[in-house]
Novice: 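Sharing a structure below in structure tokens format, with a few things to ask.
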Amino acid sequence: MNYWLMKSEPDVYSIADLKGDRTSIWDGVRNYQARNFMREMSRGDLVFFYHSNTQIPGIVGLVRVVETGIADPSQFDMNSEYYDPKSPFDAPRWQTVKVEFVEEFAKLISLDELKQKFSADEILVVRKGNRLSVMPVSESAAEKILNMRGVVTI
């Protein structure tokens, strides 16, 4: 099993949205490195759900990868902001994964707190200028994050 971190703006799609939906595809990723990280994901991998572009950004919960290798449908939707007219239907450029809600953390683990506890080599989200929406997390960093999450609400 591997660990990952995926960012979403809470006013676009939040941990509460996923909790209500139970499962969702992670669509709209249009960065090749982030896409390649999603291609490396396996069923059962755990993902830290990170709220970005908010007053206090940070990790708010945990989700699990339940399906991989899904063609991102937004690339074919001409009404979507993620439409990609150069992506062929028979060989899609953009893939995604389906995730399921696991838990919402009792407290947000803020970016500032992550910066105090981890180096950029341990967890990419603390690297200055990092704008990736999907990134790997080492097992040792994942264990530390899981220990920081406090009492879990389900």
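What you see is a predicted model, and the numbers here were worked out from it, not measured in a lab.
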Novice: Quick one: does any side-chain atom of S8 pair with a main-chain N or O of P10 as donor and acceptor, under 3.5 Å?
Specialist: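 No.
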
Novice: Walk me through whether R93 and D84 qualify under salt bridge (charged side-chain N to carboxylate O under 4.0 Å, His left out).
Specialist: CA-CA 9 Å; R93 179 180 297 178; D84 183 351; 3.2 Å; yes

Novice: Do V97 and L46 belong together in a cluster built from hydrophobic side chains that touch within less than 4.5 Å?
Specialist: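 In one cluster with V97: L46, yes.
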
Novice: For T23 and E67, run side chain to side chain contact (heavy atoms under 4.5 Å, CB included): C-alpha distance rounded to whole Å, both residues' side-chain angles, the deciding distance at 0.1 Å, then the answer.
Specialist: CA-CA 10 Å; T23 65; E67 190 176 339; over 6 Å; no

Novice: Can you confirm whether or not the ring centre of W94 sits under 6.0 Å from the ring centre of Y32?
Specialist: yes

Novice: Quick check for you: to the nearest 0.5 Å, what is the distance between E143 atom CD and S138 atom OG?
Specialist: 8.5 Å

Novice: When you check the gap from the basic side-chain N to the acidic O, do K107 and E113 get nearer than 4.0 Å?
Specialist: yes

Novice: Check this for me: does any side-chain nitrogen of one of K117 and E122 sit under 4.0 Å from a carboxylate oxygen of the other?
Specialist: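 No salt bridge links K117 with E122.
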
Novice: Would L5 end up clustered with I25 when hydrophobic side chains under 4.5 Å apart are linked, directly or stepwise?
Specialist: no

Novice: Ion pair present between K19 and E103, side-chain N to carboxylate O less than 4.0 angstrom?
Specialist: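 No, K19 and E103 are not salt-bridged.
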
Novice: Verify side chain to side chain contact (heavy atoms under 4.5 Å, CB included) between S24 and K98, making sure each step is shown before the conclusion.
Specialist: CA-CA 5 Å; S24 180; K98 181 184 261 188; over 6 Å; no

Novice: Hey, any chance M1 and V137 share a hydrophobic cluster, counting ILVMFWY side chains that come within less than 4.5 Å of each other, even indirectly?
Specialist: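 The answer is yes; both residues are in one hydrophobic cluster.
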
Novice: Please check if L146 and V60 belong to a single hydrophobic cluster, counting links between Ile, Leu, Val, Met, Phe, Trp and Tyr side chain heavy atoms closer than 4.5 Å.
Specialist: yes

Novice: Using a strict 4.0 Å threshold on nitrogen-to-oxygen distance, state whether D121 and R127 make a salt bridge.
Specialist: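 Between R127 and D121 there is a salt bridge, with a charged N closer than 4.0 Å to a carboxylate O.
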
Novice: Would you say S14's side chain and D17's backbone share a donor-acceptor pair under 3.5 angstrom?
Specialist: yes

Novice: When you measure from the side chain of R43 to the backbone of V66, do you find a donor-acceptor pair of N or O atoms at a distance under 3.5 Å?
Specialist: yes

Novice: Ring centres under 6.0 Å, that's the criterion: do F49 and W26 meet it?
Specialist: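 That pair passes the under 6.0 Å test.
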
Novice: Output yes when a side-chain donor or acceptor of D45 lies under 3.5 Å from a complementary backbone atom of V65, and no otherwise.
Specialist: no

Novice: Taking it one step at a time, do M38 and V29 satisfy side chain to side chain contact (heavy atoms under 4.5 Å, CB included)?
Specialist: CA-CA 9 Å; M38 283 200 300; V29 172; 3.7 Å; yes

Novice: Counting distance only, does the side-chain N/O of S87 pair as donor-acceptor with the main-chain N or O of Q75 below 3.5 Å?
Specialist: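 No, the answer is negative, given that no donor and acceptor are paired below the 3.5 Å cut-off.
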
Novice: Working to the nearest 0.5 Å, report the span between CE of M6 and CG of L132.
Specialist: 12.0 Å

Novice: For the pair D72 and R30, find out whether any cationic side-chain nitrogen is under 4.0 Å from an anionic carboxylate oxygen.
Specialist: yes

Novice: Can we call the ring centroids of Y83 and F76 under 6.0 Å apart?
Specialist: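 Centroid distance Y83-F76: not below 6.0 Å, so no.
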
Novice: Side chains of D21 and Y13 only: does a donor on one sit below 3.5 Å from an acceptor on the other?
Specialist: yes

Novice: Would you say L108 and M148 are hydrophobically clustered, going by side-chain heavy atoms of ILVMFWY under 4.5 Å?
Specialist: yes

